[in-house]
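Before any comments, here is the structure.
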Amino acid sequence: MATVAFIGLGNMGGPMAANLVKAGHTVRGFDLSVAALDAARTAGASVAGTPSEAAAGADVVITMLPSGKHLLDVYGSGVLGAAATGALFIDCSTCDVESARKAHALASDAGMLSLDAPVSGGVGGATAATLTFMVGGSADAFERGRPVLEAMGKRVIHCGDAGNGQAAKICNNMILGISMIGVCEAFALAEKLGLSTQSLYDVASTSSGQCWSITSYCPVPGPVPASPANNGYKPGFAAALMLKDLRLAQAAAQQVAAATPLGAHAAQIYALFDAAGHGGDDFSGVINFLKGQAG
Ligand code: NAD
């Protein structure tokens, strides 16, 4: 079992750190929020006063922070010098690919191993230890990190070198953002054409239009009882986080001159939905915004 420093104990990091404790690891946490530290203590972790204090002598240092800027701030704060020689740094935040690759370079310069390992599965997956990890970094770092990640998730996929975990995450979520809008448009059109939501669901969920946005997250109440549409569009996956991921995809696309016109349009639609005060709604709630745009 490892000594793990866990920096960023928010909605995701808190339950992930708790699952590491349950698996028998020694966890030392740090967060700027006192409430987050209290919750970590209750879950059986010890808490530190600074990121470096948390990392002192640790075998593994995990970060779960809001963005690449926060990650580089923490990596620049002395943690890389504080951990045990050859320690493994795992960043599970969703970050831009460029910051992720800079973080790997900083870790490597300090003689540390590193992985970018963003997640899919949300707070529910973090709590139930069923997250999917998309992992970038060397084969050595991956093999060292795998048992730690498996204590917090059910799928751990090595996607290639440094930054490729973040690349996989934003490509997947760009598909999701675009497909959800397509599904919402189809259900809004069906309503105007007098086709029931159940009939469209029965056809599209078993035909060529089938996708996760229909079968797991159907954006209208009824056909999929567990979807957020049946629960007032409570997240689930908040629209503001979808907007974050779509913007990261656009930033990456611009850097490598990739054509992503539908990804760009999806980002614009989610930006309008967010600006209208719905950033905290589930992202499937965009159907009501689209219906509101109708002539
Ligand atoms: P959150 O805001 O609940 O948690 C972030 C935590 O980081 C906060 O507790 C904050 O106090 C802490 N923090 C910020 N700066 C810090 C610093 N310098 N040092 C120490 N702690 C610091 O966010 P979250 O929902 O837990 O998301 C974390 C990451 O996971 C984000 O990158 C997000 O995009 C990604 N993610 C979230 C979800 C989700 O459903 N919430 C799903 C997949 C991925």
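Ligands are counted one by one from 1 in listed order, and the atoms in each one are counted from 1 as well. Values below: every heavy atom of this structure, side chains too, minus hydrogens, waters and symmetry copies. This is a predicted model, so every value here is computed, not measured.
Close contacts of ligand 1 with L241, meaning ligand atoms under 4.0 Å from a residue heavy atom, involve 34 (O), 38 (C), 39 (C), 40 (O), 41 (N). Within ligand 1, the atoms closer than 4.0 Å to a non-hydrogen atom of K169 are 43 (C), 44 (C), numbered from 1 in the order shown. Taking every non-hydrogen atom of I7 and a distance limit under 4.0 Å, the qualifying atoms of ligand 1 come out as 20 (C). Close approach to G122 involves these atoms of ligand 1, each under 4.0 Å from a residue heavy atom: 40 (O), 42 (C). For ligand 1 and S93, the ligand atoms under 4.0 Å from any heavy atom of the residue are 32 (O).
In plain terms, the two heavy atoms of S179 and S213 that are nearest each other are OG-OG, 3.0 Å.
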N230 vs S227, test: side-chain hydrogen bond (donor to acceptor under 3.5 Å, both in side chains). Steps then yes/no. CA-CA 6 Å; N230 298 286; S227 81; 3.2 Å; yes
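Regarding atom 30 (O) of ligand 1, its nearest protein heavy-atom neighbour is M64 CE, 3.1 Å. At the top of the distance list for atom 4 (O) of ligand 1, counting protein heavy atoms only, stands G10 CA, 3.3 Å. Protein heavy atom in closest approach to atom 19 (N) of ligand 1: F30 CE2, 3.6 Å. Protein heavy atom at the shortest distance from atom 18 (N) of ligand 1 is V74 CG2, 3.7 Å. Atom 12 (C) of ligand 1 has D31 OD2, 3.3 Å as its closest protein atom, hydrogens excluded (heavy atom only). Among protein heavy atoms, atom 14 (C) of ligand 1 sits closest to P66 CD, 3.7 Å. Ranking protein heavy atoms by distance to atom 37 (C) of ligand 1, first place goes to M12 CG, 3.6 Å.
For the pair P51 and ligand 1, no heavy-atom separation below 4.0 Å is found. The shortest heavy-atom distance from F237 to ligand 1 is not under 4.0 Å.
With hydrogens and angles ignored, the 3.5 Å screen pairs no side-chain donor or acceptor of Y217 with any backbone N or O of F283. In this structure, the side chain of K244 engages the main chain of P66 through a donor-acceptor pair within 3.5 Å. A distance-only check finds a donor-acceptor pair linking the side chain of D282 to the backbone of F237 [under 3.5 Å]. With hydrogens and angles disregarded, no donor-acceptor distance shorter than 3.5 Å links the side chain of S207 to the backbone of A204. The backbone N or O of H104 lies less than 3.5 Å from no partner atom in the side chain of S108, so there is not a single donor-acceptor pair. Between the side chain of N231 and the main chain of K234, no donor-acceptor pair closer than 3.5 Å is present. The main-chain N or O of G263 is never found under 3.5 Å from a side-chain atom of T260 such that the two would form a donor-acceptor pair.
The shortest N or O to N or O distance between V119 and ligand 1 is not under 3.5 Å. Any N or O atom pair closer than 3.5 Å counts here, and N11 shares at least one such pair with ligand 1. At under 3.5 Å, a nitrogen or oxygen of L65, whether backbone or side chain, sits near a nitrogen or oxygen of ligand 1. Between T94 and ligand 1, at least one pair of N/O atoms sits closer than 3.5 Å. Considering backbone and side-chain N/O of H70, none are found under 3.5 Å from N/O of ligand 1. Polar contact check, K244 against ligand 1: a nitrogen or oxygen pair lies under 3.5 Å apart.
Ion pairing between R146 and E143 holds under the 4.0 Å rule for side-chain N and carboxylate O. Looking at R144 and D140, no side-chain N of the basic residue comes within less than 4.0 Å of a carboxylate O on the acidic one, giving no salt bridge. The existence of a salt bridge linking E53 and R28 is excluded, since no basic side-chain nitrogen approaches an acidic carboxylate oxygen closer than 4.0 Å.
Within a 4.0 Å radius of atom 41 (N) of ligand 1, the protein has at least one heavy atom. For atom 26 (O) of ligand 1, a protein non-hydrogen atom is found at a distance below 4.0 Å.
Aromatic ring orientation, F142 versus H158: parallel (interplanar angle below 30°, classes split at 30° and 60°).
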